[in-house]
K.L.:
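Here you go, one structure.
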Amino acid sequence: MTRSSPADPATAPTRSRQAPWRTLSGLTTRGRCLLAAGVAAAVCSVVLNERDLLRVAVFVVALPLFVALLASASKVRIGASRTLLPERVPVGGHGEVQLDIWRSGHLPAGNILLEDGIPYALGSRPRFVVERLPQHRSVALRYPLQPSLRGVQQIGPLRATITDPFGLCEFERELISHSRLVVVPRVVRLWGMPAGAGIGSGDDGSIRLHAGQGETDVIVRNYRQGDDLRKVHWRSTARRDELMVRVEERPWRGGTTVLLDHRAAAHHGAGPGASLEWAVEFAASVGLHLGRAGQRVRLVSEHGRVLADTPGGGGPNHDNVVLDALAALQPAHERDITTGFDPAQGQELIAVLGTISNDSVHELTKFRPRGTRSLAVLLDTPAWAGGVSAPEHRAAATDESAALLRAAGWGVVVATPAMGIPQVWTELCRAVSPGASLLGGYA
């Protein structure tokens with residue numbers, strides 16, 4: 001919950017000592033016409049020597065001046081605060097803003113028109129009219145927020161237009177400046193883990209064998225195309241009658257790296273239905289799901305830049321770090337992926353990729369250790385631009401990229417707009433070892 005409020009307006013008396021011409025600048029067209037009519041009546045009374053007309057002229061001139069002075073003095077005694085409920089709202093969710101308006105001092109305030117500035121992505125601009133503002137007691141006003149685009153949005157400023165009951169003058173004042181609202185990506189609940197999450201568990205086809213008395217355990221798995229033949233474990237191969245290879249030792253830190261390709265050239269579509277927004281929502285859902293499963297999660301860009309790094313265990317702090325990083329993410333302007341190193345630093349990798357060239361595929365795969373799990377969700381981005389998404393009409397470049405990744409030992413799932421995030425995640429869980437059963441799910 002975020003609360004924004006200015007200093008108490010009663011502590012700023014200098015505002016009421018403004019120049020007379022600034023006070024008169026608040027006169028409306030009706031007030032100016034009345035003032036001009038009074039001056040004209042006074043001139044006529046002098047020319048015609050009519051004292052009664054002069055009395056009327058003095059009243060007509062004094063009325064708008066008195067009302068302008070009263071409204072100008074009363075406007076500095078109006079204060080306000082803004083509260084965001086909550087301070088983080090997911091795309092498509094519902095939030096609320098509460099405005100508290102109060103008046104200090106003894107001078108009355110006329111009708112007050114309040115208008116709070118909000119971006120179009122959060123909904124329509126709210127307006128309120130307060131006819132009688134009580135003294136030393138706040139009036140609570142609320143209006144809803146329905147964000148349609150993620151990002152860090154600025155709400156405000158809150159402007160008040162104060163008018164008198166006769167409509168002779170009005171003054172505008174900024175009561176509150178801007179408040180920061182974080183619109184985070186939509187998070188979808190996922191179930192299950194990739195087969196064999198956590199090396200050595202044996203759930204991805206890897207097997208821990210005791211080689212013999214006095215020897216250390218050996219972790220082996222089935223041979224995959226592209227594996228180094230020097231890592232073949234011949235004793236396990238002879239025992240199982242199929243080619244088995246040793247699994248490289250994992251880094252002590254463990255965890256999973258989620259790579260998000262957010263290059264503008266790699267995605268299609270605009271607004272909430274763009275392929276980039278789907279990729280961001282998928283990365284957010286996976287990051288929170290893995291964190292709540294107890295894994296350390298690193299969120300990196302396609303060039304290896306760390307966006308978020310959280311320990312395992314989940315919780316609000318973990319969720320907020322991941323969601324805040326993705327909320328502020330903007331499209332990158334690079335054309336290709338050029339890392340020059342393993343972006344996962346030896347960890348298990350889940351890459352969410354847009355349109356990717358053959359050179360970029362080679363850049364991603366050549367630095368990955370052979371025995372380390374690498375998964376990829378490859379978006380069929382032309383389908384997000386209004387194209388067909390049927391597999392028989394899929395872009396040739398997408399199929400070629402998927403084939404190259406699979407040849408390098410990666411598990412690949414091609415995602416289309418017709419596929420939901422849970423469906424893609426379920427297929428990704430089975431990508432390493434087809435037919436493997438899903439492990440226990442986490443919210």
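The first residue in the sequence is number 1, and the count goes up from there. Please read these numbers as outputs of a predicted model, since none were measured by experiment.
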K.L.:
Check whether Thr237 reaches the backbone of Leu243 with its side chain - one donor and one acceptor, N or O, closer than 3.5 Å.
P.N.:
no
K.L.:
Which atom pair, heavy atoms only, marks the closest approach of Val89 to Pro147?
P.N.:
CG1-CG, 3.6 Å
K.L.:
Using the side chain to side chain contact (heavy atoms under 4.5 Å, CB included) rule, take Arg180 and Gln153 through it: C-alpha gap first, then chi angles, then the decisive distance, then the call.
P.N.:
CA-CA 6 Å; Arg180 182 174 178 266; Gln153 305 288 356; over 6 Å; no
K.L.:
Hey, is the main chain of Gln330 close enough, under 3.5 Å, to the side chain of His262 for a donor-acceptor pair?
P.N.:
yes
K.L.:
Short question: side chain of Arg263, backbone of Thr355 - any donor-acceptor pair under 3.5 Å?
P.N.:
yes
K.L.:
Taking atom CZ of Arg189 and atom CD1 of Ile421, what is their separation to the nearest 0.5 Å?
P.N.:
15.0 Å
K.L.:
For a 4.5 angstrom cut-off between non-hydrogen side-chain atoms, does Leu364 reach Leu353?
P.N.:
yes
K.L.:
Once you measure the plane-to-plane angle for His289 and Trp425, does it fall in the parallel (<30°), tilted (30-60°) or perpendicular (>60°) bin?
P.N.:
perpendicular
K.L.:
List the atom of His178, the atom of Pro157, and the distance in Å for their closest heavy-atom pair.
P.N.:
NE2-CD, 3.7 Å
K.L.:
If you measure from CG on Leu299 to CZ on Arg305, what distance do you get to the nearest 0.5 Å?
P.N.:
9.5 Å
K.L.:
With no hydrogens and no angle check, is any side-chain donor or acceptor of Arg150 less than 3.5 Å from a backbone partner on Val280?
P.N.:
no
K.L.:
Checking Leu114 against Leu175 for the side chain to side chain contact (heavy atoms under 4.5 Å, CB included) test, could you report, in this order, the C-alpha distance in whole Å, the side-chain angles of both residues, the deciding distance, and whether it holds?
P.N.:
CA-CA 9 Å; Leu114 298 172; Leu175 298 181; 3.9 Å; yes
K.L.:
For residues His267 and Ala279, report the shortest heavy-atom separation together with the two atoms involved.
P.N.:
CE1-CB, 4.0 Å
K.L.:
Do side-chain atoms of Asp261 reach the backbone of Gly354 as a donor and acceptor pair under 3.5 angstrom?
P.N.:
yes
K.L.:
Please tell me if the side chains of Pro382 and Asp380 come closer than 4.5 Å, counting only heavy atoms from C-beta onward.
P.N.:
yes
K.L.:
Which is it for Glu115 and Arg159 under the salt bridge (charged side-chain N to carboxylate O under 4.0 Å, His left out) test, yes or no, and what are the steps along the way?
P.N.:
CA-CA 5 Å; Glu115 183 174 8; Arg159 299 185 180 276; over 6 Å; no
K.L.:
Just by distance, do the side chain of Thr339 and the backbone of Pro343 share a donor-acceptor pair under 3.5 Å?
P.N.:
no
K.L.:
Quick one: pull up CG in Leu290 and CZ in Arg292 and give me the separation to the nearest 0.5 Å.
P.N.:
11.0 Å
K.L.:
Sub-3.5 Å donor-acceptor pair from the side chain of Ser360 to the main-chain atoms of Ile356, do we have one?
P.N.:
no
K.L.:
Are a donor atom and an acceptor atom from the side chains of Gln295 and Thr256 found within less than 3.5 Å of each other?
P.N.:
yes
K.L.:
Identify the two heavy atoms, one from Pro272 and one from Glu277, that lie closest to each other, and give their separation to 0.1 Å.
P.N.:
O-CB, 3.7 Å
K.L.:
What is the minimum heavy-atom distance between Pro422 and Val188, and which atoms define it?
P.N.:
CG-CG1, 3.5 Å
K.L.:
Does Val129 reach the side chain of Ile112, with side-chain heavy atoms less than 4.5 Å apart?
P.N.:
no
K.L.:
What I'd like to find out is whether the side chain of Asp324 reaches to under 4.5 Å of the side chain of Leu326, using heavy atoms alone.
P.N.:
no
K.L.:
Any carboxylate oxygen within less than 4.0 angstrom of a Lys/Arg side-chain nitrogen, looking at Asp116 and Arg82?
P.N.:
yes
K.L.:
Checking Ile350 against Leu428 for the side chain to side chain contact (heavy atoms under 4.5 Å, CB included) test, could you report, in this order, the C-alpha distance in whole Å, the side-chain angles of both residues, the deciding distance, and whether it holds?
P.N.:
CA-CA 9 Å; Ile350 299 177; Leu428 194 67; 3.9 Å; yes
K.L.:
Is there a donor-acceptor contact under 3.5 Å from the side chain of Thr257 to the main chain of Gln347?
P.N.:
no
K.L.:
Can you see which heavy atom on Gly95 is nearest to which on Pro86, and at what distance?
P.N.:
CA-CD, 4.4 Å
K.L.:
Just checking, any donor-acceptor pair under 3.5 angstrom between side chains of His318 and Thr310?
P.N.:
yes
K.L.:
Between atom NZ of Lys231 and atom OH of Tyr223, what is the distance when rounded to the nearest 0.5 Å?
P.N.:
12.0 Å
K.L.:
Below 4.5 Å, heavy atoms only, C-beta onward: do Val258 and Val300 meet side chain to side chain?
P.N.:
no
K.L.:
Is there a side-chain contact between Asp342 and Pro369 in this structure, where contact means two heavy atoms from C-beta onward sitting under 4.5 Å apart?
P.N.:
yes
K.L.:
For the CD1 atom of Ile162 and the CG atom of Leu113, what is their distance to the nearest 0.5 Å?
P.N.:
10.5 Å
K.L.:
So do Glu96 and Leu145 actually touch side chain to side chain, heavy atoms under 4.5 Å?
P.N.:
no
K.L.:
Evaluate the side-chain proximity of Thr365 to Trp410: yes if any heavy-atom separation is below 4.5 Å, no if none is.
P.N.:
yes
K.L.:
Would you please say whether a donor-acceptor pair under 3.5 Å links the side chains of His268 and Thr381?
P.N.:
yes
K.L.:
Are the side chain of Arg103 and the backbone N or O of Leu133 linked by a donor-acceptor pair below 3.5 Å?
P.N.:
yes
K.L.:
Do you see a donor-acceptor pair shorter than 3.5 Å between the side chains of Thr398 and Ser401?
P.N.:
no
K.L.:
Within a radius of less than 6.0 Å around CZ of Phe341, do more than 12 heavy atoms belonging to other residues, nucleotides or ligands occur?
P.N.:
yes
K.L.:
Using the side chain to side chain contact (heavy atoms under 4.5 Å, CB included) rule, take Leu276 and Trp278 through it: C-alpha gap first, then chi angles, then the decisive distance, then the call.
P.N.:
CA-CA 5 Å; Leu276 176 59; Trp278 191 98; over 6 Å; no
K.L.:
Spell out, as yes or no, whether a donor-acceptor pair under 3.5 Å connects the side chain of Arg368 to the backbone of Arg373.
P.N.:
yes
K.L.:
Mind checking the CD1-OG spacing from Ile101 to Ser81? Nearest 0.5 Å is all I need.
P.N.:
7.5 Å
